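What follows is a set of notes on a single structure, which appears directly below.
Lettering of chains follows the sequences in order, A, B, ..., and the numbering in each one begins at 1. In this text, all values refer to a predicted model and were calculated from it rather than measured experimentally.
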Amino acid sequence: MSGDHEHGDSQVNCGSKGSDTHRHKDKHKDKEHRHKDHKKDKEREKFKHSNSEHKEHSEKKHRDKDKEKLKHSDGSSDKHREKHKEKRREEKIKSSHIDRPKKEKENGYVRDISPAAIKSEPEEGNGFYPSPQYNKTKQEYDDEEFEYKPKKVKTEHDKKAKKRKHEYEEDDEDEDIKPKKKTKDKKTTEGKKAKKEEEEKWKWWEEERSTDGSKWRFLEHKGPVFAPPYEPLPDKVKFYYDGKPMKLNAPAEEVATFFAKMLDHEYTTKDIFRKNFFKDWRKEMTSEEKSKISDLNKCNFSEMSEYFKAQSEARKQMSKQEKQKIKEENERILQEYGFCIMDNHKERIGNFRIEPPGLFRGRGDHPKMGMLKRRIRPEDIIINCSKDSKHPKPPPGTKWKEVRHDNKVTWLVSWTENIQSSIKYIMLNPSSRIKGEKDWQKYETARRLKKCVDRLRSQYRDDWKSKEMRIRQRAVALYFIDKLALRAGNEKEEGETADTVGCCSLRVEHIKLYPKMDDQEYVVEFDFLGKDSIRYYNKIPVEKRVFKNLQLFLENKQPEDDLFDRLNTSILNKHLQELMDGLTAKVFRTYNASITLQQQLKELTSPDDNVLAKILSYNRANRAVAILCNHQRAPPKTFEKSMQTLQTKIDEKQNQLSAARKQLKAAKSDHKASHDDKSKKAVEVKRKAVQRIEEQLMKLQVQATDREENKQIALGTSKLNYLDPRISVAWCKKWSIPIEKIYNKTQREKFAWAIDMAEKDYEF
DNA sequence: CACTCAACTTAGTACCACGAAC
DNA sequence: GTTCGTGGTACTAAGTTGAGTG
């Protein structure tokens with residue numbers, strides 16, 4: 001059998017990302033660049049998949065081949081992808097991924113996600129977390145399935161408003177969405193302070209939601225805050241071209257300052273960056289400037305750069321008063337522009353400042369890095385607000401592009417950005433009702449998935465055997481999304497963005513198959529750049545059937561061909577929608593993240609631990625999720641050093657401890673000798689001292705462990721976006737941990753709904 | 001379908017204010 | 001008082017999703 005597929009191994013090759021992209025771990029270095037014969041590729045495409053027979057599926061084989069299956073050849077859907085590939089092949093050869101600190105999943109946390117892994121325990125201080133869905137027993141699955149019961153909101157709120165059911169989806173019976181008038185009336189009569197306080201306490205989650213698709217009924221705001229106008233450089237600060245000073249006109253000078261400000265960033269050494277910058281810069285020049293300045297290498301921005309450095313230095317040196325003044329001014333702007341009135345409530349706006357002009361910095365190997373992000377003017381701005389509200393005024397002498405009154409959307413201001421021509425928005429803060437409701441709903445959808453995930457899993461397992469290629473691909477992709485928490489993976493337009501992929505857009509070059517690896521069978525090695533060009537690297541054993549399917553998918557393909565050539569996110573999501581209302585690929589991430597947290601908390605929290613140790617356990621549980629979701633960060637620049645100082649402290653403490661112990665011993669023998677009260681007291685005192693130092697030491701050690709484990713893991717993203725906050729709240733309540741230890745102020749604001757409603761027995 | 005666009009969520013990083021350490 | 005280190009935030013890029021269109 002396997003004989004048929006042995007080519008899989010040699011042929012599948014992660015060629016192109018090359019060592020430049022992933023420079024560290026030697027083990028990934030072995031990739032070769034094998035996209036030599038580009039010209040042939042196109043032709044090969046035509047023939048691809050021509051021999052897709054498989055012994056492995058011999059029973060079905062006959063039915064398979066002439067039908068759908070392996071029905072690669074009708075290829076209509078392949079077509080559109082072709083055009084990109086050529087280019088990719090060429091570019092890849094030299095493409096060097098931008099030199100951001102490389103991050104890898106390979107940090108000692110690679111999870112064992114083999115189905116067999118039932119157990120999960122942190123391993124010698126070096127976290128080791130199994131796949132979420134497999135660390136429970138079958139029994140657990142069964143139990144959980146129907147255990148869920150909607151919980152009541154705190155009783156004292158019950159009378160206030162008609163309660164929404166906790167089950168979001170079920171509350172569409174009676175509609176009675178009258179604005180809570182009383183709030184408003186009070187507000188207008190009372191002072192600002194009182195109003196603010198009241199707003200902070202507004203429990204939107206106890207009110208009815210609108211069901212007609214409108215997002216609000218009333219919306220009033222002050223519009224955006226524009227970037228400050230350009231201030232030309234003082235004459236003494238000169239720009240030199242080819243060694244000669246040259247005064248630039250304001251527009252060109254401004255763009256030059258953008259570059260000057262980035263001078264010590266390595267971005268400015270990148271060819272693409274420089275090329276894009278120079279091209280856009282020239283557009284701002286007068287024809288005279290344009291004719292003179294023809295080579296970026298002859299440009300000397302250093303005086304400008306020095307000037308800005310001096311300025312920022314001066315800013316740091318400002319007196320307290322000056323700083324205070326600036327702070328106050330910012331506060332004033334915040335008060336004026338940072339809030340809006342939405343449906344009788346004053347709500348915080350997320351980003352009320354328009355993005356200032358500058359040079360575009362994409363992430364990863366972005367083809368557009370260095371391009372000029374142009375200044376946004378009032379004429380570019382679309383305002384969205386209520387018809388009957390006081391409309392925001394454009395700055396004197398200017399006009400808005402448009403004022404509209406669309407309550408089917410949540411944004412207040414939008415404009416089109418010039419790099420990708422995408423639309424940017426000003427929206428509300430996460431603490432707002434409109435964001436909170438959505439967030440809550442997201443977790444409810446994930447909980448619904450929990451109820452039917454078993455069904456779905458057995459379904460996709462069945463589909464691995466389908467005779468239709470598209471269904472097999474869909475099923476394998478879904479398996480990855482579920483098991484590995486991969487993102488959906490939309491297609492992207494080549495040349496517009498960095499070359500990154502998600503599940504559906506994985507290419508042949510991104511996986512390697514190992515029928516055997518060490519003591520494991522059917523190992524798949526993933527190595528690709530995901531969102532934000534963060535590397536995903538993982539080796540996992542998969543089920544045989546998956547493995548065989550992958551071999552099938554890889555047949556006769558080139559490294560740059562799509563692994564799932566008969567699948568895209570739209571197909572996948574349509575399928576998911578049929579399986580469960582509201583189900584999309586990303587729900588799996590939410591679900592798996594949250595369920596993992598819950599399980600890990602259960603497993604890792606020891607009742608006897610003190611608060612500190614419990615928090616460490618929480619962080620570890622959180623970390624398991626971050627690892628699952630591949631949330632990485634650059635190790636802080638000061639990491640080594642700060643670890644060092646911490647270690648020094650620990651050593652000191654240890655010395656202290658042994659000294660204290662000695663003293664205790666001495667006191668004890670003293671007491672033995674004399675047996676008097678005084679010596680007894682001394683013993684007690686010493687004992688206490690030892691205890692105290694032990695505690696301090698432990699605290700330090702916990703801190704060190706936590707920090708070490710966190711070196712390149714970012715907890716924030718999962719905490720903010722994937723973990724049902726009610727799990728954390730419940731955990732805090734259960735173990736009497738102050739919520740402040742888990743969520744900072746901003747987070748508490750965002751999760752106010754959860755903090756208010758979750759009790760200690762909350763089950764995700 | 002394929003393709004585009006709009007809207008909204010998710011993401012990492014730069015930077016700075018603030019409190020601890022000196 | 002000054003420096004140091006760090007948590008919190010602001011910023012904005014980069015995803016996902018679904019609707020509309022031809």
Are A:Arg726 and A:Glu444 within salt-bridge range, i.e. N to O under 4.0 Å?
yes
Ignoring backbone atoms, establish whether A:Tyr722 has a side-chain N or O less than 4.0 Å from OP1 or OP2 of B:dA11.
yes
Check whether any side-chain heavy atom of A:Ile381 sits under 4.5 Å from a side-chain heavy atom of A:Phe226, and report yes or no.
yes
Using whole Å, report how far CZ of A:Arg404 lies from C1' of B:dA7.
12 Å
Going by an N to O cut-off under 4.0 Å, is there a salt bridge joining A:Asp365 and A:Lys270?
no
Would you say B:dT10 has OP1 or OP2 under 4.0 Å from some side-chain N or O of A:Arg363?
no
Winner on side-chain proximity to A:Asn568, out of C:dA14, B:dA6, B:dA2, is B:dA2
Using whole Å, report how far CD of A:Glu740 lies from C1' of C:dG8.
16 Å
Lys/Arg N to Asp/Glu carboxylate O, A:Arg507 vs A:Asp561, below 4.0 Å
no
Using whole Å, what does the distance between atom C1' of nucleotide C:dT12 and atom NZ of A:Lys373 come to?
6 Å
Ignoring backbone atoms, test whether A:Asn744 places a side-chain nitrogen or oxygen under 4.0 Å from the OP1 or OP2 oxygen of C:dG8.
yes
Are any of the side-chain nitrogens in A:Arg374 or A:Asp380 under 4.0 Å away from the carboxylate oxygens of its partner?
yes
Just how far, in rounded Å, is C1' of C:dC11 from CZ of A:Phe352?
12 Å
Beyond-backbone contact of A:Leu484 with A:Tyr479, side-chain heavy atoms, under 4.5 angstrom
no
With heavy atoms under 4.0 Å as the rule, sort A:Arg748 into base, sugar-phosphate or nothing.
nothing
Answer yes or no: does atom NZ of A:Lys325 have more than 12 heavy-atom neighbours from other residues, nucleotides or ligands under 6.0 Å?
no
OP1 or OP2 of B:dC8 under 4.0 Å from side-chain N/O of A:Thr410
yes
Using modelled atom types only, decide if a donor and an acceptor are shared between the side chain of A:Lys492 and the backbone of A:Ala498 within a distance under 3.5 Å.
yes
Salt bridge A:Glu749-A:Lys745, side-chain N to carboxylate O under 4.0 Å:
yes
Under-3.5 Å N/O pairs linking protein and nucleotides 15-22 of chain C:
unit_1 : atom_1 : unit_2   : atom_2 : d
C:dG15 : OP1    : A:Thr500 : OG1    : 2.8
C:dG15 : OP1    : A:Asp532 : N      : 3.1
C:dG15 : OP2    : A:Lys492 : NZ     : 2.9
C:dT16 : OP1    : A:Ala488 : N      : 3.2
C:dT16 : OP1    : A:Gly489 : N      : 2.6
C:dT16 : OP2    : A:Asn490 : N      : 3.0
C:dT16 : OP2    : A:Asn490 : ND2    : 2.8
C:dT17 : OP1    : A:Thr584 : OG1    : 2.8
C:dT17 : OP1    : A:Ala585 : N      : 3.1
C:dT17 : OP1    : A:Lys586 : N      : 2.7
C:dT17 : OP2    : A:Asn573 : ND2    : 2.8
C:dT17 : O5'    : A:Asn573 : ND2    : 3.4

Heavy-atom nearest nucleotide on DNA chain C taken for A:Ile354 and for A:Lys745; more 5' hit belongs to A:Lys745
Do any side-chain nitrogens or oxygens of A:Arg589 fall under 4.0 Å of OP1 or OP2 in B:dA11?
yes
Figure out the CG/P separation between A:Leu715 and B:dG12, and round it to whole Å.
11 Å
Can you check whether A:His631 has a side-chain N or O nearer than 4.0 Å to OP1 or OP2 of B:dA11?
yes
Need one value for A:Ser570: base, sugar-phosphate or nothing, where a base atom within 4.0 Å counts as base even if backbone is also close, heavy atoms only.
nothing
Determine whether a donor-acceptor pair (N or O, by modelled atom type, separation under 3.5 Å) exists between the side chain of A:Glu496 and the backbone of A:Gln420.
no
Take the protein atom CD1 of A:Ile571 and the nucleotide atom P of B:dC3, then report the distance between them rounded to whole Å.
12 Å
Classify A:Pro430 by what it touches in the nucleic acid, base, sugar-phosphate, or nothing, heavy-atom distance under 4.0 Å.
nothing
Is there a donor in the side chain of A:Ser718 and an acceptor in the side chain of A:Asn622, or the other way round, less than 3.5 Å apart?
yes
Give the rounded distance in Å between these two atoms: CZ of A:Phe258 and C1' of C:dT12.
15 Å
Between A:Pro725 and A:Trp753 the two heavy atoms that sit nearest each other are CG-CZ2, 3.5 Å
Given atom CD of A:Glu749 and atom P of C:dA10, what is their separation to the nearest angstrom?
10 Å
Short side-chain N/O contact from A:Lys408 to OP1 or OP2 of B:dA7, under 4.0 Å
no
Filtered N/O pairs between nucleotides 14-22 of chain B and protein, under 3.5 Å:
unit_1 : atom_1 : unit_2   : atom_2 : d
B:dC18 : OP1    : A:Lys327 : NZ     : 2.9

Enumerate all atom pairs, one protein N or O and one N or O from nucleotides 4-6 of chain C, separated by less than 3.5 Å.
unit_1 : atom_1 : unit_2   : atom_2 : d
C:dG5  : OP2    : A:Lys641 : NZ     : 3.1
C:dT6  : OP1    : A:Arg707 : NH1    : 3.4

Just wondering, are more than 12 heavy atoms of other shown residues or ligands nearer than 6.0 Å to CD in A:Gln321?
no
Assign A:Lys215 to base, sugar-phosphate, or nothing according to its heavy-atom contacts below 4.0 angstrom with the strands shown.
sugar-phosphate
Given DNA chain B, 5'-ward residue of the pair A:Leu720 and A:Val409, judged by closest heavy atom
A:Val409
Would you mind telling me which of B:dC8, B:dT9, B:dA6 lies closest to the side-chain atoms of A:Lys435?
B:dT9
